Every structure is written in C-alpha cells, then in structure tokens.
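For reference, the structure discussed in these notes is given below.
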Amino acid sequence: MQPFSLNIRGRIHEYHRPAVMGIINITPDSFFAQSRVQSDGEIAGKALKLLSEGADMLDVGAYSSRPGAGEVPEAEECRRLENALRVIREAVGDGVPVSVDTFRASVARKCVEQWGADIINDISGGMLDDKMFETVAELHCPYILMHMRGTPATMQSMTQYNDVTADVIAELSRQLNKLEELGVADVIIDPGFGFAKTLEQNYELMRNLRSFDILGRPVLVGVSRKSMLTKLLQISVAEAELPTAVLGAVAIERGAAILRVHDVVAARQSITILNAVEPC
C-alpha cells in the first residue's frame with residue numbers, strides 16, 4: 001500500500017502500514033449476531049477491546065445494511081448513534097478516529113458536529129441522499145465513498161455490469177469528481193464488496209483490486225464474515241473468522257490500505273505476517 005494520511009479535526013493522522021478499522025454494531029439485526037452490542041457497558045467494552053487488540057480506528061453503525069434488513073427511522077438511528085458515540089468517547093477519549101456508518105446527511109452532520117464522530121462512512125456513496133456531499137464538504141471531515149447500486153433491499157437485483165471492475169471504478173470516479181469539485185480532500189475508496197455484486201463479481205473485484213489505484217485514494221476493503229466467504233465455503237457466519245483473515249491478507253497484497261473487520265486480532269496478525277515477508 002501507499003502511505004496515506006487523514007486530516008481529522010485539524011490533526012494529521014499518518015498511516016505507514018495497513019490500518020485496521022474495528023466494527024461496532026449497535027443494531028439489533030446486523031448479520032453477525034455476535035458483533036451486536038446494546039447496553040452502554042457492552043458498547044464501551046467493545047470499543048476498548050477492539051483498541052486493545054490493535055484497531056487503529058472504530059466504525060459505528062446503527063442501521064443494518066444486510067439484504068432484507070428493516071428500515072430504521074431517522075429519529076431511531078440518531079438516538080442509537082448519539083448514545084453510542086457518547087459512550088465510546090467517554091471510554092476511549094478524543095485521540096481515536098471514530099467513523100460513523102450512515103447514508104443520511106442530516107445524521108452525519110449531527111454525528112460530527114455534536115456527538116464526536118470524525119469520519120463519515122456512506123454505504124451509498126452519496127446516491128441515497130443528495131445533500132451528503134455538500135454536508136461532508138461543510139464538515140471538512142474524511143469521507144468513505146463506497147460503491148453500491150439501489151438500496152440494501154434492492155441492490156442484489158442490480159448486478160448487471162459490462163465489466164464489473166471497470167464499471168465500479170467509473171461509477172466511483174464520477175462521485176469522486178463531485179467531491180473534489182466541492183473541495184473534499186480526504187476521501188477513502190470502498191469497492192463495496194457484497195453490495196450489488198454477485199459472488200463471482202466480488203472475487204473478480206478482488207482479483208483486480210490494484211486497478212482501484214487509478215483513483216489515487218486509499219482503498220478500504222470490507223469483507224469481514226460476508227456471504228462471499230460463507231457461500232463459497234458453505235459455512236456459517238460464525239465460522240468465517242479464518243477465511244476473513246485470509247481474504248484480508250489477499251486484499252493487503254493487492255494494495256488495500258484499510259481493513260474493516262469484526263475480528264481485529266486476526267487482521268492484525270495477517271498484516272504482521274505479510275510485513276515480515278515483504279514490508280507493506
């Protein structure tokens with residue numbers, strides 16, 4: 001990977017090795033049941049545990065994006081995030097970058113301005129809320145631009161591509177240009193594994209991950225315990241920790257800068273081994 005930096009509230013965070021983003025799910029229905037936390041004690045404990053295991057940053061989600069997940073009203077998403085972000089900041093302090101997983105611009109604004117989030121992680125890449133890009137520009141915060149088509153409920157009916165790698169890059173490039181025109185400096189690219197892609201298309205994207213270098217931005221890979229692993233291997237989500245680590249290592253070898261994972265220890269061990277073989 002190429003070293004990268006993020007400007008978070010005026011402070012430059014530099015990354016000279018692949019970073020690990022630990023997932024905190026405050027949803028009652030996320031696809032990996034063991035990752036869900038609800039009480040204040042569980043949320044604080046999860047944050048501290050992920051950091052002790054080697055996470056460089058945290059990602060908090062209050063709206064499950066798994067196929068078929070129910071809709072979460074905006075007021076409920078805000079209620080969950082306001083409480084969780086308060087608990088996390090009280091537990092870990094201000095020095096740890098915290099990302100919030102939301103596609104709603106109004107929610108993103110509250111999270112950054114009022115509740116202590118640093119990074120916006122938008123699964124829709126600005127496609128579900130036309131106010132998102134101008135909001136991110138006004139907030140001057142890093143933004144994770146993920147590729148998806150449709151909504152979580154409809155995305156798996158929208159997998160028609162001429163060339164999945166070229167088409168995904170083209171669609172991301174159009175959105176990236178809009179962000180750049182608004183002056184958004186810190187953008188992270190996420191190819192959107194599992195979102196509007198078939199099993200075969202997910203692996204084609206992984207084979208061609210180096211192609212995303214053309215966008216000139218750090219690439220985040222989120223494949224943790226996803227169906228591209230469980231369906232391929234015919235295993236349960238609970239059995240997918242080791243396969244996740246293997247595929248994460250493949251992603252790092254192909255230039256990924258950030259791994260978004262449920263299991264930080266396995267991801268960090270994979271990176272350490274790769275670095276011992278050939279510094280990355």
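Computed from a predicted model, the values in this text were never measured in an experiment. Nothing fancy with the numbering, it's 1 onward along the sequence.
Asp122 is linked by a salt bridge (charged side-chain N to carboxylate O under 4.0 Å, His left out) to nothing, counting only residues two or more places apart in sequence or in another chain. Taking the salt bridge (charged side-chain N to carboxylate O under 4.0 Å, His left out) definition, one finds that Asp190 meets it with nothing, sequence neighbours left out. When the side-chain contact (heavy atoms from CB on, under 4.5 Å) test is applied to Ala105, the partners found at least two apart in sequence or on another chain are Asp129, Lys131, Met132, Thr135. For the salt bridge (charged side-chain N to carboxylate O under 4.0 Å, His left out) test, no residue two or more places apart in sequence or in another chain qualifies with Glu204. Residues meeting the salt bridge (charged side-chain N to carboxylate O under 4.0 Å, His left out) test with Arg11, sequence neighbours left out: none. Partners of Ser270 by side-chain contact (heavy atoms from CB on, under 4.5 Å), not counting sequence neighbours, listed by chain and number: Ala245, Ala249. Scanning for side-chain contact (heavy atoms from CB on, under 4.5 Å) contacts around Arg79 gives Glu76, with sequence neighbours left out.
Leu229 and Leu232 fall within the same hydrophobic cluster, defined by Ile, Leu, Val, Met, Phe, Trp and Tyr side-chain heavy atoms under 4.5 Å apart, directly or through other members. Leu199 and Val164 fall within the same hydrophobic cluster, defined by Ile, Leu, Val, Met, Phe, Trp and Tyr side-chain heavy atoms under 4.5 Å apart, directly or through other members. A single hydrophobic cluster is seen to contain both Leu48 and Leu50, as judged by linkage of ILVMFWY side chains at heavy-atom distances under 4.5 Å, directly or through other members. Under the 4.5 Å side-chain heavy-atom criterion for Ile, Leu, Val, Met, Phe, Trp and Tyr, Met127 and Leu176 are members of distinct hydrophobic clusters. In the hydrophobic clustering of this structure, Ile214 groups with Val187; members are Ile, Leu, Val, Met, Phe, Trp, Tyr whose side-chain heavy atoms approach within less than 4.5 Å, directly or through other members.
Phe4 places none of its side-chain heavy atoms less than 4.5 Å from the side chain of Arg217. Taking the side chain as every heavy atom from C-beta outward, Leu172 and Met146 never approach each other to under 4.5 Å. No side-chain heavy atom of Val20 sits less than 4.5 Å from a side-chain heavy atom of Ile258. Annotation: side chain of Glu74 is in contact with side chain of Ser106 (closest heavy-atom distance under 4.5 Å). Looking at Asp40 and Arg86, their side chains come closer than 4.5 Å, going by heavy atoms from C-beta outward. The shortest distance between side-chain heavy atoms of Phe133 and Val184 does not fall below 4.5 Å. You'll find the side chain of Pro142 reaches within 4.5 Å of the side chain of Ile8, heavy atoms only. With contacts defined as side-chain heavy-atom distances shorter than 4.5 Å, the pair Tyr143/Leu179 qualifies.
Applying the salt bridge (Lys or Arg N to Asp or Glu O under 4.0 Å) rule to pairs touching residues 53-64 yields Arg17-Asp56, Lys49-Glu53, Asp56-Arg268, Asp59-Arg260, sequence neighbours excluded. Applying the salt bridge (Lys or Arg N to Asp or Glu O under 4.0 Å) definition to pairs two or more places apart or across chains, those involving residues 227-252 are Arg225-Glu241.
In terms of modelled atom types and a separation under 3.5 Å, the side chain of Asp118 and the main chain of Val98 share a donor-acceptor contact. The closest donor-acceptor contact from the side chain of Glu77 to the backbone of Val72 lies at 3.5 Å or more, if one exists at all. A donor-acceptor contact shorter than 3.5 Å links the side chain of Asp167 to the backbone of Asn162. No side-chain donor-acceptor contact under 3.5 Å links Lys178 to the backbone of Arg174. The backbone N or O of Ser211 sits nowhere less than 3.5 Å from a side-chain atom of Asn208 that would complete a donor-acceptor pair. Distance alone, capped at 3.5 Å, places no donor-acceptor pair between the Arg109 side chain and the Arg104 backbone. Between the side chain of Asp263 and the backbone N or O of Ala266 there is no donor-acceptor pair closer than 3.5 Å. For Asn25 (side chain) and Thr27 (main-chain N/O), no donor-acceptor pair under 3.5 Å exists by modelled atom type. With hydrogens and angles disregarded, a donor-acceptor distance shorter than 3.5 Å links the side chain of Arg80 to the backbone of Ala62. Using a distance-only test at 3.5 Å, with no hydrogens or angles considered, a donor-acceptor pair links the side chain of Tyr203 to the main chain of Met228.
In this structure, the separation between CD1 on Ile252 and CD on Glu278 is 13.0 Å, given to the nearest 0.5 Å. Atom CD1 of Ile26 is separated from atom CG of Leu81 by 4.5 Å, given to the nearest 0.5 angstrom. If you take CD on Gln114 and SG on Cys78, they are separated by 9.0 Å, rounding to the nearest 0.5 Å. To the nearest 0.5 Å, the span separating CD1 on Ile144 from CG on Asp186 amounts to 11.5 Å. Distance check, rounded to the nearest 0.5 Å: CE of Met21 to OG of Ser99 gives 4.5 Å. Here the SG atom belonging to Cys141 is positioned 8.5 Å from the CD1 atom belonging to Ile119, to the nearest 0.5 angstrom.
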| said: Working note: Thr102 + Tyr63, criterion side chain to side chain contact (heavy atoms under 4.5 Å, CB included); need CA distance, chi angles, decisive distance, verdict. | reply: CA-CA 7 Å; Thr102 185; Tyr63 193 136; over 6 Å; no

| query | After noting the C-alpha distance and the side-chain angles of Glu253 and Arg210, does the key distance pass the salt bridge (charged side-chain N to carboxylate O under 4.0 Å, His left out) rule? | reply | CA-CA 9 Å; Glu253 283 200 310; Arg210 280 284 182 194; over 6 Å; no

| request: Evaluate the criterion side-chain hydrogen bond (donor to acceptor under 3.5 Å, both in side chains) for residue pair Thr151 and Thr154; output intermediate values, then yes/no. | output: CA-CA 5 Å; Thr151 68; Thr154 64; 3.2 Å; yes

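Thr230 and Ser227 form no side-chain donor-acceptor contact under 3.5 Å, judged by distance and modelled atom types alone.
In terms of heavy-atom proximity, Ile120 sits nearest to Ala108 at CD1-CB, 3.5 Å. Between Thr244 and Ser224, the closest heavy-atom pair is CG2-CA, 3.5 Å. Of all heavy-atom pairs spanning Leu128 and Gly150, the tightest one is CD2-O, 3.7 Å. Here the closest heavy-atom approach between residue Ala55 and residue Val264 is recorded as N-CG1, 3.4 Å.
Within 6.0 Å of CD1 in Ile12 there are more than 12 heavy atoms belonging to other residues, nucleotides or ligands.
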For residues 191-198, which side-chain N or O atoms pair as donor and acceptor with protein atoms under 3.5 Å away, sequence neighbours left out?
from: Lys197; atom 1: NZ; to: His147; atom 2: O; distance (Å): 3.3
from: Lys197; atom 1: NZ; to: His147; atom 2: ND1; distance (Å): 2.7
from: Lys197; atom 1: NZ; to: Pro191; atom 2: O; distance (Å): 2.9
from: Lys197; atom 1: NZ; to: Gly192; atom 2: O; distance (Å): 3.0
from: Lys197; atom 1: NZ; to: Phe195; atom 2: O; distance (Å): 2.9
from: Thr198; atom 1: OG1; to: Gln201; atom 2: N; distance (Å): 3.1
from: Thr198; atom 1: OG1; to: Gln201; atom 2: OE1; distance (Å): 3.4

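Both tests do not hold together for Arg254 against Phe212: distance to the six-membered ring centre under 6.0 Å, angle to the ring axis within 45°.
Think of Val265 as one node in a network of Ile, Leu, Val, Met, Phe, Trp and Tyr side chains linked at under 4.5 Å; it has no links at all. Cluster partners of Leu242 are Val246, counting Ile, Leu, Val, Met, Phe, Trp and Tyr whose side-chain heavy atoms approach within less than 4.5 Å, directly or via other members.
Partner of Cys111 under the side-chain contact (heavy atoms from CB on, under 4.5 Å) criterion, out of Leu85, Asp101, Val60: Leu85 alone.
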